[in-house]
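Report on the following structure.
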Amino acid sequence: MMASKPKKKNPRLASGRKRARQNIKLNAANTSLRSKYRTAVKNVEKAVLAGDKTKATELFAKAQSVLDTIADKGIFHKNKAARDKSRLSAKVKALAVAAA
């Protein structure tokens with residue numbers, strides 16, 4: 001079994017308690033978005049490996065939207081998102097050239 005983290009003490013001040021509540025919600029939202037980002041990238045890469053040009057192009061268009069959204073929210077750095085988009089784009093273009 002995995003050892004769980006030691007439970008933190010509750011903050012005394014009301015503002016601290018509120019911040020702790022907000023952090024839990026924000027962490028859950030960020031984790032979900034991070035997962036969506038990774039899934040979008042993986043789906044495009046799978047389509048490229050399968051050699052499915054149309055599916056890869058379609059998934060790449062959707063992935064671009066997800067990557068931009070997450071970069072705007074500051075979950076991943078804008079440069080990381082740009083780098084990932086560039087690499088995915090190169091893979092999709094290489095697939096299109098190979099198919100042609």
Side-chain angles (χ1 to χ4, degrees):
M1 281 175 70
M2 289 178 40
S4 60
K5 292 181 182 177
K7 189 161 170 69
K8 292 184 179 180
K9 292 183 180 178
N10 289 333
R12 288 176 184 242
L13 299 176
S15 60
R17 289 194 299 268
K18 181 177 180 182
R19 175 54 64 194
R21 285 195 311 270
Q22 288 175 330
N23 285 344
I24 290 168
K25 290 179 186 174
L26 194 61
N27 184 275
N30 287 348
T31 302
S32 171
L33 287 170
R34 211 174 291 120
S35 174
K36 183 186 267 190
Y37 182 100
R38 291 182 183 134
T39 303
V41 170
K42 279 184 209 168
N43 287 341
V44 175
E45 288 177 344
K46 282 181 187 174
V48 168
L49 283 175
D52 192 346
K53 179 185 152 190
T54 55
K55 189 173 182 183
T57 307
E58 179 186 316
L59 287 170
F60 177 66
K62 290 179 183 175
Q64 276 184 305
S65 172
V66 172
L67 271 62
D68 286 335
T69 302
I70 287 170
D72 288 341
K73 289 178 186 273
I75 294 169
F76 283 134
H77 197 277
K78 287 185 189 297
N79 290 0
K80 176 181 169 41
R83 184 176 65 237
D84 286 349
K85 279 198 305 189
S86 174
R87 288 176 182 170
L88 285 175
S89 175
K91 287 178 183 178
V92 171
K93 284 181 183 176
L95 184 67
V97 170

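In this text, all values refer to a predicted model and were calculated from it rather than measured experimentally. Throughout, numbering of the chain's residues begins at 1 and tracks the sequence.
Checked against side-chain hydrogen bond (donor to acceptor under 3.5 Å, both in side chains), T54 has the following partners two or more places apart in sequence or in another chain: D52. Residues satisfying the salt bridge (Lys or Arg N to Asp or Glu O under 4.0 Å) criterion with K78, sequence neighbours excluded, are D72.
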Do any side-chain atoms of residues 26-37 form donor-acceptor pairs under 3.5 angstrom with protein atoms, and if so which ones, sequence neighbours left out?
| residue | atom | partner | partner atom | Å |
| --- | --- | --- | --- | --- |
| T31 | OG1 | N27 | O | 2.7 |
| Y37 | OH | D84 | OD2 | 2.7 |

Next item on the list: Any chance you could lay out the side-chain contact (heavy atoms from CB on, under 4.5 Å) test for T39 and V66, step after step, and finish with the verdict?
Entry: CA-CA 10 Å; T39 303; V66 172; over 6 Å; no
Check: Can you check side-chain contact (heavy atoms from CB on, under 4.5 Å) on R83 and K80, steps first, answer last?
Finding: CA-CA 5 Å; R83 184 176 65 237; K80 176 181 169 41; 3.5 Å; yes
Item checked: D68/K85 under side-chain contact (heavy atoms from CB on, under 4.5 Å): CA gap, chis, key distance, verdict -> CA-CA 9 Å; D68 286 335; K85 279 198 305 189; 2.6 Å; yes
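Put simply, the side chain of V41 reaches to within 4.5 Å of the side chain of L67, judged on heavy atoms.
Of all heavy-atom pairs spanning A56 and V44, the tightest one is O-CG1, 4.4 Å. Of all heavy-atom pairs between L59 and A47, the closest is CD1-CB, 4.0 Å. The two residues E45 and K91 make their nearest non-hydrogen contact at OE2-NZ, 3.2 Å. Summarising the geometry of R38 relative to F76, their closest heavy-atom pair is NH2-CZ, 4.1 Å, with the distance given to 0.1 Å.
The local environment of NZ in K93 is sparse, with at most 12 non-hydrogen atoms from other residues, nucleotides or ligands closer than 6.0 Å.
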